[in-house]
Amino acid sequence: MEGLFLTVSRASCLCAGFVRFLEGYYIVLITKRRKMADIGGHAIYKIEDTNMIYIPNDSVRVSHPDETRYLRIFQNVDLSSNFYFSYSYDLSHSLQYNLTILRMPLETLKTETTQTRQESFDIFEDEGLSTQGGSGVFGICSKPYEKYVWNAKLLEAVRSAVHRDWLLYIIHGFCGQSKLLIYGRPIYVTLIARRSSKFAGTRFLKRGANCEGDVANEVETEQILYDASVMSFSAGSYSSYVQVRGSVPLYWSQDISTMMPKPPITLDQADPYAHVAALHFDQMLQRFGSPIIILNLVKEREKRKHERILSEELVAAVTYLNQFLPPEHAIIYIPWDMAKYTKSKLCNVLDRLNVIAESVVKKTGFFVNRPDSYCSILRPDEKWNELGGCVVSTGRLQTGVLRTNCVDCLDRTNTAQFMVGKCALAYQLYSLGLIDKPNLQFDTDTVRLFEELYEDHGDTLSLQYGGSQLVHRVKTYRKIAPWTQHSKDIMQTLSRYYSNAFSDADRQDSINLFLGVFKPAEGKPHLWELPTDFYLHQKNTLSLSQTRQSYTFWWTTGVLKHLPLPFDEVTCAENRRKLTVKKFHKYEEEIDIHNEFFRPYELSSFDETFCLAMTNSTRDFMPKNVGIDPSPFTVRKPDETGKSVLGNKNNREETVLQRKTAASAPPPPSEEAVSSSSEDDSGTDKEDEGAVSQRSTPVKVTDAGDNTKITENVVQSTKDVYGVNLSDIPSEDDLAIYARFVQLGQSQHKQDKGSQQFYSKHSLDTVINLIPISSFSQDNIYEVQPPRADRKSIEIFHAHIQAGRGNMQPLGRDDFLMYREYIRNRYIGTHLWC
């Protein structure tokens, strides 16, 4: 305990949980964090550093020879790599769920809640002060969705023994936020990806689904859009859209012992009644409602049957399950061979995806917490009237979800999700009254900002599951990727192959130990002695289930009754048991959004302020030339973005030289020859890629040694710099206008006494009546009356003077409350989170 006491006393730490291998317990502490996003004033943090401390004293420690090895395997899961938490916002649930439960009737829940002594404890209650200050606040706390909580097993040992405020839930995946400035109005675009902790693992070692319906590489992606000028959830404008990716819900795997780039796909078990698919879609109906839309991107035409095996089995499973669902709530299946369309010279992949995205968003709708704006009612759009979802008095609800999959759910899936998210983003902007039509075009600042978020999102998820970043990006499918991108694709393919062949097994052992799938015990085989982890994830192989699910009524009781609404969000007795009403102090840190956001008791600088340091559409994407339309919805040329040309650290001359090199370089080799081990294997033709390389290099330089021409291109004209063409000598008319302007200014602000006497004798009020255009009594910048201070401000100033002289005024009730808040933030809060 000595090490624990020293560590906690030296720094403010957060407890992520407790773990035990073969000796005593370890405590996992979060020692460093970094703010990544802000939703309604609730901060979302990324874990930057952690520390594990052995709790028992060394004098009573009984060492075990394998303890160190287990500790090393556990620490291979790097908690500083894409793990996130929030003190006051539930990251395991969607924004729609979090704002929907706020509208549940409190009176019903209050009768079911008892307040313990521990919850109402206040160090000031002995002084006779009311703990609530006459204005208590009731809040609703919900249980986290454990599917997306990664430290649930670490908190199991203390969950029933400590207060719930000590339980800090952590999610794994991605979180990014950017600021979209629309003529100065800040709109925050947030992307949150929640990776499932069920059946989690690496690329080739976790495929398909387990016996409980949990699929591999399942990630729930939510895009949140809100007006940052108003932070309150009740008064602000918030919108969100959710979509899901995940492996094909079947019993299938790939044998990697052959060391092949693309191992053959094998169906492990026959499932004629689609039992595992039924469990999986039942979970989705409970969480998202209907319709469930499947976008299957795997290949359909192959010389050797490979990916088509999954398509045929998935079609059979969906057809069987739809027999028993009502037609209006049936699962919608959309097959589309994306690789085939990529190889075609006549088809545009993104145009086809845009058509699919429009139909999907119209069926599911999206969430917004405010009614339709007046402008959309006054000028209705045809697409807006066809939008699905559920319209309520407080706004709109998303009903149903899009589930996208290919084989790996990486490259093709990320591009498809980006196109659907781009379509949903247009509807979200339209619902908030920010654009006149729900449509966004490529090469605008808004889409470039959103595309960068999705590329970071895809790279992060690909590293977690596949061991490398994305191989094929949105620019690849748009066929505007630079020729240097092909060499990067080769490196990413090799990195992915190396990770899958040599390091995935160790990563899988670490994940199994961290998530509690494997628990070390004396007398049992060690983790590294197991030939496979199949029996750890398939629980039906170790014990027979006592209950058997119906082959026809395969959904949970009560789900079908509330469709298309998700069962988890309806008001019923089962859902009320997941909620708890808590009575807060009005100065409680958890509900004090002002102190949480502005941190008035901390010393901060503008350089470190999150809202100023985050990605900004005006600073990072809008061109720096004067005279450019500042709207983020204006289509720019490829070389007009702030990041590609003017925003880079390289100067203009280096940019011209790079373009020249690209124009003179030969066409790159085809992707089919270099990315055979990637999951897409698009295989675009050389002729297409030559055209791509030419389209991406619009500037052509004739001679390499012609420095004068390069210099001429570097020097900008006055039209580019100032927005107007300045001639050498102004015209006579312009000089006469300027002279009259100077004369008017001199006669208005510099009047001598003689002229004043003249005007007093010869009154010209009937001829000229000059009205001051400013709010000052005299229209002169040098003659300004000092502002008048009100009575309260003068009293505060005099009290400040008297306090400096030692004459202190007696403290009132407000002073005691303010001091108590300071004590809470300064001392109690620090020890609470240690």
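Just the heavy atoms: all of them, side chains too, but no hydrogens, waters or symmetry mates, feed the values below.
For the atom pair Arg507 CZ and Tyr465 OH, the distance stands at 10.5 Å (nearest 0.5 Å). One distance of note links CD of Glu146 with OH of Tyr169; it measures 7.0 Å at 0.5 Å rounding. How far CZ of Arg403 is from CD1 of Ile292: 10.0 Å, rounded to the nearest 0.5 Å. Here CG of Asp282 is found 11.0 Å from NE2 of His280. Values are rounded to the nearest 0.5 Å. Annotation: the span from Leu461 atom CG to His172 atom NE2 amounts to 8.5 Å, rounded to 0.5 Å. In this structure, NZ in Lys524 is found 11.0 Å from CG in Leu530, a value given to the nearest 0.5 Å.
For the pair Asp459 and Arg473, the minimum side-chain heavy-atom distance is below 4.5 Å. The shortest side-chain heavy-atom distance between Leu513 and Phe21 falls under the 4.5 Å cut-off. Put simply, the side chain of His329 does not reach to within 4.5 Å of the side chain of Trp555, judged on heavy atoms. Using a 4.5 Å cut-off on side-chain heavy atoms (C-beta onward), Ile192 and Ile39 make contact. The side-chain heavy atoms of Asp509 and Phe518, taken from C-beta on, include no pair separated by under 4.5 Å. Counting heavy atoms from C-beta outward, Leu285 and Ser290 have side chains that approach closer than 4.5 Å.
Between Phe450 and Tyr454, the ring center distance clears the sub-6.0 Å criterion. Here the two rings, on Trp336 and Tyr341, have centers that are under 6.0 Å apart. The ring of His526 has its center closer than 6.0 angstrom to the ring center of Tyr70.
Checked by atom type and distance alone, the side chain of Gln464 pairs as donor or acceptor with a backbone atom of Gly173 at under 3.5 Å. Although no hydrogens or angles enter the test, the distance criterion places no donor-acceptor pair under 3.5 Å between the side chain of Glu313 and the main chain of Leu250. No side-chain donor-acceptor contact under 3.5 Å links Asn217 to the backbone of Ser247. Panel note: side chain Asp411, backbone His472; a donor-acceptor pair is recorded below 3.5 Å. For the pair Glu302 (side chain) and Arg308 (backbone), a donor-acceptor distance under 3.5 Å is present. Counting only distance, with no hydrogens or angles, the side chain of Asp408 and the backbone of Arg203 share no donor-acceptor pair below 3.5 Å.
Evaluated for a side-chain hydrogen bond (donor to acceptor under 3.5 Å, both in side chains) with Glu220, the options Gln243, His93, Arg287, Lys147 yield exactly one hit, Arg287.
Using cut-offs of 30° and 60° for the angle between ring planes, the Phe199 and His537 rings count as perpendicular.
The residues Glu218 and Lys198 are annotated as not salt-bridged, no charged nitrogen and carboxylate oxygen being separated by less than 4.0 angstrom. A salt bridge between Arg207 and Asp268 is absent, with no side-chain N of the basic residue lying under 4.0 Å from a carboxylate O of the acidic one. Under 4.0 Å is where a charged nitrogen must lie from a carboxylate oxygen, and between Arg159 and Glu156 no such pair does.
For Lys578, the NZ atom is densely surrounded, since the number of other residues' heavy atoms within 6.0 Å is greater than 12. Within 6.0 Å of atom CZ in Phe74, more than 12 heavy atoms from other residues, nucleotides or ligands are found, so the atom counts as buried in its surroundings. For NZ of Lys539, the number of neighbouring non-hydrogen atoms (other residues, nucleotides, ligands) closer than 6.0 Å is 12 at most.
Judged purely by distance below 3.5 Å, without hydrogens or angles, the side chains of Gln96 and Gln398 never pair a donor atom with an acceptor atom. Using modelled atom types, one finds a donor on one side chain and an acceptor on the other under 3.5 Å when comparing Gln508 with Asn512. For the 3.5 Å distance criterion, the side chains of Ser311 and Asn296 qualify, holding a donor opposite an acceptor.
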**Request:** Apply salt bridge (Lys or Arg N to Asp or Glu O under 4.0 Å) to Lys206 and Asp533, showing your working.
**Result:** CA-CA 10 Å; Lys206 285 293 164 284; Asp533 64 349; 2.9 Å; yes
